[in-house]
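Okay, so here's the structure we're looking at.
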Amino acid sequence: MKAAFGSQFATLSRDKRDTLLLIASSLLVLAPHALHLPLWVSLLCGAILAWRAALTVLGRRLPRNLVLVPLAAVAMAGVQQSYSTVLGRDAGVAMLVLLVAFKMLEMHARRDLFVVVFLCFFLVLTNFFYSQSFGTAILMLVSIVFLLATQMSFQLTGKVPPLSLRLARSARILAFALPLAAGAFVLFPRVEGPLWGLPDDARSGKTGLSDTMAPGQMADLAQSEDVAFRVKFDGPPPPQPQLYWRGPVLGSYDGRTWTRVHPLPARERAQPLAISVAGAPLRYQVTQEPSNARWLFALEVPRALPQLADRPVGVSGELEIQAAAPITERVRYDLASYVRYQLQGGDSLPGSARWLLLPWGRNPRALAEGRRLRERLDPAGRVRAVLETFSTGGYVYTLQPPLLPGPHSIDDFLYGSRAGFCEHYAGAFVFLMRAAGVPARVVTGYQGGDMNPLDGWLTVRQSDAHAWAEVWLAGRGWVRVDPTAMVAPERVQRSLARALPPPAPFGLTGLGRFLQPDPDSLLGRMRYAIAAANNGWNQWVLNYTPRRQQDLVSRLRNDLFRWQALAAIVILSLVLLLVGKFSARRRSDPVDGLYSALCRRLGQLGLPRAPDEGPTAYGARIAAAPLAPGVRQAAGEFLQRYSAYRYAAGSTVAPGTALVPILKELLSRVR
């Protein structure tokens with residue numbers, strides 16, 4: 001079938017083949033946009049390209065403007081309806097994609113072909129508005145190769161080389177351009193932030209933790225495989241149960257949603273936060289993805305605040321680290337954290353009342369249970385009793401808990417469904433602790449991460465989002481308590497994927513294993529390799545900030561002015577010059593060298609060749625020149641053979657290597 005298709009394609013005229021190549025190249029550029037464009041735009045573009053391909057193969061005429069103009073107007077109105085505007089990043093890209101598709105049906109002159117090619121080159125750039133991953137970069141390079149081959153096909157005259165040869169030449173052109181692009185990337189002054197960051201929709205679509213928590217919220221976030229941040233430890237990483245990445249701390253509860261508490265009054269905030277640490281700090285570097293939120297994540301507790309180049313960073317009384325402005329681009333910061341610490345470990349807790357507040361009239365059964373615990377046990381015993389209930393009470397850890405729409409959602413969970421995700425267990429535990437008179441709060445963030453054995457980076461994804469609790473005990477301070485670990489210890493000790501059965505999209509268990517393969521399997525190792533390539537791309541290319549560029553230029557300036565560096569540059573330049581001359585000499589055609597020698601010899605005899613004079617015209621002039629008969633005959637035969645070798649189409653003259661001895665013999669007679 002493949003051979004039959006190839007033979008049918010070869011029988012098409014050159015114009016049809018070039019048009020089909022243009023359609024294929026355009027499809028390669030347009031296809032990635034289907035991931036973020038409205039479905040109707042993708043379907044319409046696909047239908048238009050298929051329509052254009054059918055018209056090309058069948059040799060039919062293109063539709064008239066009476067058909068295209070109304071259709072294009074309806075499409076533009078659809079963009080307005082979908083985005084409520086025709087300006088901005090998303091609407092502008094949709095308009096450009098539709099413009100390329102409709103232009104395919106309105107190509108009446110040669111310049112229209114180049115218009116489509118140049119529009120596709122611009123669409124290559126717009127793909128990076130949505131994804132700047134290593135895979136996207138490779139796909140766009142392939143697209144550029146196809147676009148160059150298409151442009152080359154339109155410009156060739158005479159016999160057209162095979163498509164594989166045109167693609168190879170296009171790849172060679174791109175290879176010559178890449179060093180120049182790399183030099184410009186490294187040395188050209190960089191601009192803070194993305195160039196497309198001005199429109200209102202340039203920062204849309206970011207995901208991450210919120211500063212509120214309601215039932216089901218984290219379960220939805222945990223189904224996302226998007227990367228939250230990556231971590232590189234200076235030494236061996238800590239065990240998985242110690243990887244608690246602290247985020248927003250929630251202490252206000254309205255019966256449904258947990259939110260952050262209001263700051264303490266100024267007189268109470270003036271008291272320093274009592275923290276004591278033990279052991280050596282754990283040093284690491286975090287590369288955090290954009291989230292449109294201000295949270296920066298760290299292990300508990302950091303020795304000092306991270307430093308960002310373009311914005312100040314602060315910390316709250318609950319050890320929440322926040323930037324002064326939302327994180328709208330990838331940031332990297334260094335940290336050192338103490339995993340052994342004591343926070344506010346005195347005999348009393350300033351402002352403890354705000355960590356004991358509960359909504360009136362909600363969850364009466366949980367309130368009664370808390371009062372019973374308070375009457376029978378000390379604070380530490382109350383904590384152990386609730387954890388024991390979670391461990392032995394038949395509770396289930398699941399990503400799809402039943403809905404709890406009533407006003408007493410915690411009672412419904414504790415004494416009804418007994419099935420929930422981390423936010424259910426953390427929220428119910430804090431409620432019970434407060435009902436029992438123990439100050440408590442919910443802490444959200446991420447737990448764990450996936451260590452890549454190939455590059456040593458720990459990847460923390462949105463699926464690692466987690467909620468746990470902190471209780472305050474006299475003499476011990478704030479103590480981390482993770483009630484989820486009592487129900488699903490695998491979640492904390494290993495990962496979410498280990499704690500839950502593999503997913504089965506559309507009921508297909510095999511597809512779930514493919515999407516989340518075992519780390520030791522071939523698919524798992526391939527996933528690690530792709531992740532390592534993406535991380536290297538992020539660290540060395542996408543994270544090449546103006547500050548890093550300034551540091552690099554400063555180092556280069558200091559190093560290049562040393563005499564050792566100057567000497568090395570001079571020696572390297574000489575070596576490259578000699579290699580270039582030697583390679584050029586080897587690549588030169590010996591037949592051309594003999595022709596140049598003949599021209600020099602005839603010039604010495606008073607018959608120099610004019611700059612615009614070819615060998616045939618030169619031979620005609622030599623035949624009429626007053627030279628010795630033997631010299632005139634040898635020179636004429638030399639020029640005739642050289643002209644046939646160089647210019648005659650379909651000649652049977654010997655190849656250059658076989659022709660050299662003959663020309664040398666003729667040249668020896670021209671004396």
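In this text the structure is predicted, and so the values were computed from the model without any measurement.
- When only modelled atom types and interatomic distance are considered, Q285 and D334 share a side-chain donor-acceptor pair under 3.5 Å.
- In summary, of the residues considered (Y425, F431, F429), a ring pair (Phe, Tyr, Trp, His ring centres under 6.0 Å) with F413 occurs for Y425 alone.
- For the pair R441 and W355, the cation-pi test (distance below 6.0 Å, angle within 45°) is passed.
- The CE atom of M433 sits 11.5 Å away from atom CG of L358, with the distance rounded to the nearest 0.5 Å.
- In summary, of the residues considered (R246, R294, R260), a side chain to side chain donor-acceptor pair (under 3.5 Å) with E320 occurs for R260 alone.
- Classification of E318 and R354 as a salt-bridged pair holds, one side-chain N sitting under 4.0 Å from a carboxylate O.
- Comment: E470 does not engage R480 in a salt bridge, judged by the lack of any side-chain N to carboxylate O separation of less than 4.0 angstrom.
- Crowding of L403 atom CG: a count of heavy atoms from other residues, nucleotides or ligands under 6.0 Å not exceeding 12.
- Checked against the 6.0 Å centroid criterion, the rings of Y130 and H36 qualify as a close aromatic pair.
- Distance CG/L299 to OG/S337: 5.0 Å, rounded to 0.5 Å.
- Salt-bridge annotation for R372 and E375: absent, with no side-chain N of the basic residue lying under 4.0 Å from a carboxylate O of the acidic one.
- Under the 6.0 Å distance and 45° angle rule, R365 counts as a cation-pi partner of Y415.
- The aromatic ring centroids of Y244 and Y446 lie 6.0 Å or more from each other.
- W478 pairs in a side chain to side chain donor-acceptor pair (under 3.5 Å) with only one of the listed residues (E300, Q344, Q342), which is Q344.
- From L296, atom CG reaches atom CG of L305 across 9.0 Å, with rounding to the nearest 0.5 Å.
- For W245 and F229, the ring centers are positioned less than 6.0 Å apart.
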